[in-house]
Amino acid sequence: MSEHLSEQELQRRESLKALRDLGIDPYPAAEFETTHHAAPLLEAFADDEANQEFKAVSLAGRIMTKRIMGKASFADLMDSTGRIQLYLNRDEICPGDDKALYNDVFKKHLDIGDFIGVKGFIFRTRMGEITLQVQELTVLSKSLKPLPVVKKDEEGNVYDAFTDPEQRYRMRYVDLVVNEGVRETFAKRTRILNAMREFFNQYGYLEVETPILQPIPGGAAARPFITHHNALNMPLYLRIANELYLKRLIVGGYEGVYEFSKDFRNEGMDRTHNPEFTVMEIYVAYKDYFWMMDFTEKMLVHVVKAVNNGATKVPFGDKEIDFGQPFKRISMRDAILEHTGFDIDAKSEAELKAACQELGIETDDTMGKGKLIDEIFGEKCEPNYVQPTFITDYPVEMSPLCKRHRENPDYTERFELMINGKELANAYSELNDPIDQRARFEEQLKLSEKGDDEAMFIDQDFLRALEYGMPPTSGMGIGIDRLAMLLTNNASIQEVLFFPQMRPEKKPQLPSKADFEKQGVPANWSEHVLAAYGTVEEFKKQKATQVHQKMNGYRKKNKLDLPALQLEEVQTWNSENN
RNA sequence: GACUCAGUAGCUCAGCUGGUAGAGCAUCUCCCUUUUAAGGAGAGGGUCCAGGGUUCGAGCCCCUGCUGAGUCACCA
């Protein structure tokens, strides 16, 4: 219904009206031409104060603070690059007798958060701060909601920061405006994507786009989102991976293809999982997973340097991650041997289960060999790999799309890159034997029949593609959100997604004037009855005599320009109260 | 899904053993022509997340629910 407005919001609406009464359009259409941006301007001026260009400067941005001292004022203007201080002198911006622009427009009707354009010259204050002296002021856009005011002192201590995660994520626009560093986090995320893209393009690999709506969600073990296509009258799934489509493109003759892919998984949410997330997958023909390990290493070093001023060491929490080459490489078998003393090689399911029990790892009957080994690794080894480490040669049961190891068919030619005890990237020598692939899919089908709702579907078209022949190929996928977390030192995925998934916001339904009018209150009194009683329920509880007296008292107190109420009148307002 | 914590002014937070709802910033009025977490004087601003219960009396205690965060479990 109607929106409850706080005192400050009402005041800003008053200012909006006052601006219009002064003939100022608070939302003008015209372009405002700027000559500079705040941060580079400060730098350039510090280098060469005498330069003529600083005599005529035009900037646009939001007012972030106002410090009024009678006939002179200071304000901070924030644009996309940073903040610069403004100096406004009444008699400079209002040379004639009419001081309204300063006294009324700037001092009274412009608030923190409003967009303005300013023209003037740059100088240094007595305190040494580089400042724009304003000669012309243009209102560009009025802000009706007060921004949180975050302050910072000389030592960089932040006061009254806007910290509530719920509000920060729901109103990311506010977070971006007032919290220093948030925009930089997302700029860095984009630099990561750009650096990675640049690296792949150097090799001549092709960036492609494949379907997000898929009839069969393949390429990973995960629960998909399901939707429905009306014209085809069939279910469609949101993709959980793009692997199978990219491999079809390798069949089609491209040597290297990659895609930055939004994937969707209908699973739990926590600090490291959002229902939609971004993965980069790349497939390169005639390569194997050894080549891909080298390639991944080089690519990451390139990306890390690009976003980290050329350094390969990245702080993360209380740790430091070093992307300096080469990354440690260890097979899963050796990793488990190293951390548990148990050798998984050639062990039966029963032996593995017994080992799990000895190691204190819970198991259940649905777990096959692959799953048991995965549990041991996840429990005992994974957290130890803080520095970038390639774990290689996973058991065949865990990797239905991966080629068997050239030396031991119980294993696959697969690696995962572990950083900070978590998986960051996953890569294979891709399985291109269509007969073996069909058999592996059938294994998955059996798992599915056992009740595993994440087992892979059989994609007949993909198998057909393989039957036409896929060259030996290596593929790699890397979690972009998790990489962004690592490189921006954030422990939560929500910090690197502009709009993380949240439960819908529930707004309490507030009563409006109209609700009171429905009760029979005339339009000229309804807003006052709303103000006096708040809710229809409260109003309905009262007797007509009480309402009569209270509203006449309200009329007097607020000096309403309305005739005093008669009791008979009030009795008609609400048939239930007499 | 389990457990723990949190929700009070626009923002950040206090609120004692259950006894009239508080501070800083922001806002409003007045003073102030190079200030800077500007300053000085004054003022206004509240559905204490919601709904029940206990009580003479609930922001506080109990129950239920909502939202978020954290830990664990599940899950790539």
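Protein chains get the first letters and strands the later ones, always in sequence-line order, with residue 1 at the start of each.
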>> So, OP1 or OP2 of C11(B): does either fall under 4.0 Å of a side-chain N or O from Q167(A)?
In response: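 Yes, such a contact exists.
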>> Counting only side-chain nitrogens and oxygens, does R170(A) get under 4.0 Å of the OP1 or OP2 atom of G68(B)?
In response: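 True: R170(A) side-chain N/O within range (under 4.0 Å) of G68(B) OP1/OP2.
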Go ahead and name the base partner of [N]; Watson-Crick or wobble counts if both distances stay under 3.5 Å, otherwise write none.
N: A23(B); result: U12(B)
N: A50(B); result: U64(B)
N: G57(B); result: none
N: G44(B); result: none
N: U4(B); result: A69(B)

Provide, to the nearest angstrom, the distance between the [atom1] atom belonging to [X] and the [atom2] atom belonging to [N].
X: K66(A); N: C32(B); atom1: NZ; atom2: C1'; value: 16 Å
X: M269(A); N: U71(B); atom1: CE; atom2: C1'; value: 17 Å
X: F74(A); N: C32(B); atom1: CZ; atom2: C1'; value: 13 Å
X: L10(A); N: A9(B); atom1: CG; atom2: C1'; value: 14 Å

> Among L41(A), I122(A), L132(A), which residue meets the side-chain contact (heavy atoms from CB on, under 4.5 Å) test with H36(A)?
Replying inline: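 By the side-chain contact (heavy atoms from CB on, under 4.5 Å) criterion, H36(A) pairs with just one of L41(A), I122(A), L132(A): L41(A).
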>> Please compare P148(A) and A222(A) by the position of their nearest nucleotide in RNA chain B and report the one closer to 5'.
In response: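 Upstream on the strand: P148(A).
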> Nearest nucleotide by nearest heavy atom, which residue falls closer to the 5' end of RNA chain B, T65(A) or R126(A)?
Replying inline: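 Result of the comparison: R126(A).
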Among [options], find the nucleotide with the atom closest to the side chain of [X].
X: K371(A); options: C75(B), U34(B), U36(B); value: C75(B)
X: V149(A); options: A26(B), G24(B), U34(B); value: A26(B)
X: P146(A); options: U12(B), G10(B), C75(B); value: G10(B)
X: N89(A); options: U33(B), U29(B), U12(B); value: U33(B)
X: R503(A); options: U33(B), U67(B), A69(B); value: U67(B)
X: K151(A); options: U33(B), U36(B), A26(B); value: A26(B)
X: Q8(A); options: G10(B), G68(B), A69(B); value: G10(B)
X: R271(A); options: G70(B), U67(B), U33(B); value: G70(B)

> With distance as the sole criterion, do the side chain of D164(A) and the base of G68(B) form a donor-acceptor contact below 3.5 Å?
Replying inline: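 Between G68(B) and D164(A), which were checked side chain against base, a qualifying N/O pair under 3.5 Å is absent.
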Rounding to the closest angstrom, what is the interatomic distance between [N] and [M] at atom [atom1]?
N: U8(B); M: C61(B); atom1: P; result: 16 Å
N: U67(B); M: U29(B); atom1: C1'; result: 39 Å
N: G10(B); M: C28(B); atom1: C1'; result: 14 Å
N: C11(B); M: A50(B); atom1: P; result: 15 Å
N: G45(B); M: C72(B); atom1: P; result: 47 Å
N: G70(B); M: C60(B); atom1: P; result: 27 Å
N: A41(B); M: G46(B); atom1: C1'; result: 25 Å
N: C13(B); M: A21(B); atom1: C1'; result: 14 Å

Donor-acceptor under 3.5 Å ([X] side chain, [Y] main chain):
X: K66(A); Y: L110(A); value: yes
X: T131(A); Y: E129(A); value: yes
X: R414(A); Y: L401(A); value: no

Give [X] one of three labels, base, sugar-phosphate or nothing, depending on what nucleic acid heavy atoms sit under 4.0 Å from its own.
X: E14(A); result: nothing
X: E416(A); result: base
X: I68(A); result: base
X: Y87(A); result: base
X: T163(A); result: sugar-phosphate
X: E129(A); result: base
X: A221(A); result: sugar-phosphate
X: K422(A); result: nothing

With a 4.0 Å cut-off on N to O distance, would you call [X] and [Y] a salt bridge?
X: E14(A); Y: K17(A); answer: no
X: K145(A); Y: E9(A); answer: yes
X: E166(A); Y: R503(A); answer: no

> Hey, what's the ring geometry for F377(A) with Y385(A), parallel, tilted or perpendicular (30° and 60° as the breaks)?
Replying inline: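 Parallel.
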